[in-house]
Visitor: 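Quick one: structure below, then a few questions.
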2 protein chains.
Amino acid sequence: MKGIRQLAESLDISIGTVSRALNGRPDVNEETRLRVLAAAEEFGYVANQSGRSLRKGETKVIGLMIESSAEAVDNADNFFLGVTSGLQSVFARHKLDLVMLPCASDEEPHEYLKRMVARRIVDAMIISNTQRIDRRIDLLSRAKIPFVTVGRSLSANNFPWIDLDFEGVAERAVERLVARGHRRIAITAPSSEVNLGYVFVESYRRTLERHGIAFDPSLVIRVKSSEQGGYQAGHELLLLAQRPTAVILIYELMAIGLYRRLMESGVMPGRDLAVIGFRDAPRARFLQPPLSCFRMSLYDLGVALGQMLLAHMPAYREFYSNDGGNIIWPLELVAGESDAFQLTEV
Amino acid sequence: MKGIRQLAESLDISIGTVSRALNGRPDVNEETRLRVLAAAEEFGYVANQSGRSLRKGETKVIGLMIESSAEAVDNADNFFLGVTSGLQSVFARHKLDLVMLPCASDEEPHEYLKRMVARRIVDAMIISNTQRIDRRIDLLSRAKIPFVTVGRSLSANNFPWIDLDFEGVAERAVERLVARGHRRIAITAPSSEVNLGYVFVESYRRTLERHGIAFDPSLVIRVKSSEQGGYQAGHELLLLAQRPTAVILIYELMAIGLYRRLMESGVMPGRDLAVIGFRDAPRARFLQPPLSCFRMSLYDLGVALGQMLLAHMPAYREFYSNDGGNIIWPLELVAGESDAFQLTEV
DNA sequence: CTGAAAGCGCTTACAG
DNA sequence: CTGAAAGCGCTTACAG
């Protein structure tokens, strides 16, 4: 079986009728439709996507761009795989397929996206890992490709995004530690220009100042967002002249490396140093003492991203209310034991 | 800028010449080519993939099918992200793009693949998680879509595959444990029909028997290949009337759950029970005592998969020798301390 | 309700 | 070296 032509020939009707029958158009005799459907099923015929796309100007494919850097691999981040399920549950309603587009680490993300967009492989894009200045946002805006980002950026002031509540997490983490008597609280920040780092540290700073604690730049530890980065952070913490009594992590897997480095020096998390992590991750659950961190549903985030994206696509917007609001995605505190001690005055 | 027609118009030449210039055909005046290239760059023109695919009958896209089940998400497996880099390094040489096709957990993998193949979104496929009987292999063979699998299967006797050396791992693990005096060695096996489970257990059985140790079905513990599965395995081990002195795990993350369950009962891995894991994973490196396990390069595996696939594609086979040989991918032992004790007679 | 025909954006023999 | 034209597989006005 090749194409619609062969199928039509075998049924002795025109390709137009076959197409209409297959696409559920109302102006087809019911008996004809049944014959066509049966034959298509028998021959395993499915419309060639290229022909269809060329004619309709749409591909019915949505792309999710991810970065497959060595760092991402080492981190073994399940973030996007988790989000994927939620996205698909929304897209499936409209027979849209999701493909993940991995940008190789040796390719510039902007160039990669440009190529994907120009080739018109997808109708819309979801991008993530937004940088403070992110040219991809201009690119997509100018190309008029519907898109939504995971993460804010300064690059444009009006585009659809959903971002995790980094402010809220930093604020609540600081509050929690201050309530337990901590005044010297360190924080980790990513060494890259990813936007969330700025948001996170800024909220930390504001919350500290609200409590009359001066912001000390030496307590902002810039490391990679990885297990290794956590180890490095532990190392740097221990070297500080006046050691902090607490540390807030920006990335869940850092806790693993941090714990290890601390324990190597006989410093016990949850007893000698309070630790609060970011997102609850299955892999971090084994930590002893259990890590205090924040939890969210990746699936629900995927659903929200999918709906927001469709609300911005002409063909689907009727089904989704676009209130124009971007979303700060809330996270729920999971109290562990890594910060469960009251600091006694030294 | 829309299509080739507009670009040709702006240059006042025919679309045929533009196409030839852009595609590096030799029969184009060098000056003309330069003008075309400059204009294309300026307008950000890139050939529409649908038009191109339709005409050429190829998409220049390779698909990597992955399964985004809840289990896969929880496991946070970086396996495919790691392989991706290697694949891309090969594909980039031929301007082929890689897309990851996530099959939703509520869709039957065979149906999903059928749809992807029929729509002709990709020129070739890489599939994984091969089952003992896997209809996807017949599907791809019949559709004449070039493909390569990660994992063997009984479904066909001649198709290109690369599989991890499960035999070798099981064999060496058993040898190692026997050499340390163990006779009662348990093994975990996946509860699904995934082919590797059969290979793994069969090799374990053969090696035991070679050492005169009878195979005891009660020591084959069927659990999910996940952290939770490891916990469950630990639980079942402890319940066995005659407790084994060693256990071999089929999946790296199981070690995390296993350790936890054992420690809850005061059973210390590496002292009270020998443990050997499968693949070395960044996340498992924190385990105390360090896990004895096996190591491999995901990147190199990706390169090998990419090359094997291209050797089976008419358009690229000239560049790659296809010796028809499938590959059993070797893993290297990383000796930890989880099995570093000699069993003394009880 | 159905058929014949146009055309989506490309690439490539074929002429010249 | 270049242009004009055919045609890849579809969908969809347009006639009837």
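Residue numbers start from 1 in every chain, and the chains themselves are labelled A, B, ... in the order their sequence lines are given, proteins ahead of strands. Here the structure is a predicted model, which is why all the values come from computation and not from measurement.
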Visitor: Answer with base, sugar-phosphate or nothing: what part of the nucleic acid does A/Ser50 contact at a heavy-atom distance below 4.0 Å?
Guide: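 The answer is nothing, as A/Ser50 stays clear of every strand by at least 4.0 Å.
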
Visitor: Does the side chain of A/Ser19 get closer than 4.0 angstrom to OP1 or OP2 of D/dT11 through an N or O atom?
Guide: yes

Visitor: With a non-hydrogen cut-off below 4.0 angstrom, is B/Arg20 in contact with a base, only sugar-phosphate, or nothing?
Guide: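 It contacts base atoms.
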
Visitor: Can you tell me if B/Arg25 touches the phosphate of C/dT12, counting only side-chain N or O atoms and a distance under 4.0 Å to OP1 or OP2?
Guide: yes

Visitor: Let me have DNA chain D in dot-bracket notation, would you? Count Watson-Crick plus G-U wobble pairs, both distances under 3.5 Å, and use [ ] for pairs crossing earlier ones and | for inter-strand partners.
Guide: |||.||||||||.|||

Visitor: Consider the side chain of B/Lys56, meaning its heavy atoms from C-beta on, and name the nucleotide among D/dT11, C/dT2, C/dT11 that approaches it most closely.
Guide: C/dT11

Visitor: Does the side chain to side chain donor-acceptor pair (under 3.5 Å) test come out yes or no for A/Arg135 and A/His110, once each step is laid out?
Guide: CA-CA 7 Å; A/Arg135 291 162 57 219; A/His110 182 260; 3.2 Å; yes

Visitor: Any chance CZ of A/Arg5 has more than 12 other-residue heavy atoms, nucleotides or ligands included, within less than 6.0 Å?
Guide: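 12 or below, so no.
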
Visitor: Once you apply a heavy-atom cut-off of 4.0 Å, does A/Ile15 come out as touching a base, just sugar-phosphate, or nothing?
Guide: base

Visitor: Categorize A/Ser53 for me: base, sugar-phosphate, or nothing, with a 4.0 angstrom heavy-atom threshold over every strand shown.
Guide: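 Since no nucleic acid heavy atom lies under 4.0 Å of A/Ser53, the category is nothing.
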
Visitor: Closer than 4.0 Å, any side-chain N/O of B/Thr32 to the OP1 or OP2 of D/dC1?
Guide: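 No, because none of the side-chain N or O atoms of B/Thr32 sits under 4.0 Å from OP1 or OP2 of D/dC1.
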
Visitor: Is the phosphate of D/dC8 approached by A/Asn48 (side-chain N or O, under 4.0 Å from OP1 or OP2)?
Guide: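 No, no such contact exists.
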
Visitor: Could you check whether A/His94 and A/Phe319 have their ring centres less than 6.0 Å apart?
Guide: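 Yes, they do, as the ring centres are separated by less than 6.0 Å.
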
Visitor: If you assign B/Arg52 and B/Asp27 each to the DNA chain C nucleotide with the nearest heavy atom, which residue ends up on the more 5' nucleotide?
Guide: B/Arg52

Visitor: Are OP1 or OP2 of C/dG9 and a side-chain N or O of B/Tyr45 less than 4.0 angstrom apart?
Guide: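 Result: no.
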
Visitor: Would you mind classifying the nucleic acid contact of B/Gly57 as base, sugar-phosphate or nothing, using non-hydrogen atoms under 4.0 angstrom?
Guide: nothing

Visitor: Is there a side-chain contact between A/Thr130 and A/Arg152 in this structure, where contact means two heavy atoms from C-beta onward sitting under 4.5 Å apart?
Guide: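 A/Thr130 does not reach A/Arg152 side chain to side chain.
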
Visitor: For the side-chain contact (heavy atoms from CB on, under 4.5 Å) test, which of A/Asp163, A/Ile137, A/Val194 pairs with A/Ser153?
Guide: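 Exactly one candidate clears the test, A/Ile137.
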
Visitor: Taking for each residue the nucleotide of DNA chain D bearing the nearest heavy atom, is the 5' side occupied by B/Arg55 or by B/Glu30?
Guide: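 Counting from the 5' end, the first nearest nucleotide belongs to B/Glu30.
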
